[in-house]
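Values reported hereafter were calculated over all heavy atoms of this structure, with side chains retained and with hydrogens, waters and symmetry mates removed.
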Amino acid sequence: MSEYVILSIFLFLGAFIAAAAIVVGLVLGYKSKDTKNKFAPYECGMNTIGNARIQFKVGYYLFALLFLVFDIEALFLFPVLSNFREIMAGNTPLSPVIVIIDLVIFLAILVSGLAYAWKKGILKWE
């Protein structure tokens, strides 16, 4: 068999299983009704007061995005920095000059994002 035929079979089977799971869930699943209790607070038992976006000048999502940016930074920097000696010695196909330029550009973008977040007040703890 050709590789494309095998790939097509796997794609079809994957789509079929996903569609079948959705259909079975719709047919056999519990039909919920929108009631007053469904939208009541459940975690701490206290009613909500105000709006979180208004109470806090900066939303939680911006802080979460900032965390993700620096988490991804560590993920991208780790392979380069763990092989930095080999790269600088020329033992890899990567050019040391290109790697240094890429690192400087990457870190400059991250530092500018950090400066923007600092200016917006995301890092202030109140």
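- Hydrophobic clustering of Ile, Leu, Val, Met, Phe, Trp and Tyr side chains at less than 4.5 Å, counting indirect connections, unites F70 with L75.
- Atoms CZ and OG1, on F84 and T92 in that order, are 11.0 Å from each other to the nearest 0.5 Å.
- The closest donor-acceptor contact from the side chain of N83 to the backbone of P79 lies under 3.5 Å.
- No single ILVMFWY cluster, assembled from side-chain heavy atoms under 4.5 Å apart, contains both V69 and Y116.
- For the atom pair D71 CG and F76 CZ, the distance stands at 11.0 Å (nearest 0.5 Å).
- Considering CD of E86 and CG of L94, their distance stands at 11.5 Å, rounded to 0.5 Å.
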Side-chain atoms of residues 98-115: list all donor-acceptor pairs with protein atoms under 3.5 Å, sequence neighbours left out, distances to 0.1 Å.
residue, atom, partner, partner atom, Å
S112, OG, A108, O, 3.3
S112, OG, I109, O, 2.7

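- Going from atom CG of L11 over to atom OH of Y4 covers 12.5 Å, rounded to the nearest 0.5 Å.
- Under the 4.5 Å side-chain contact rule for hydrophobic residues, I22 and V27 do not share a cluster.
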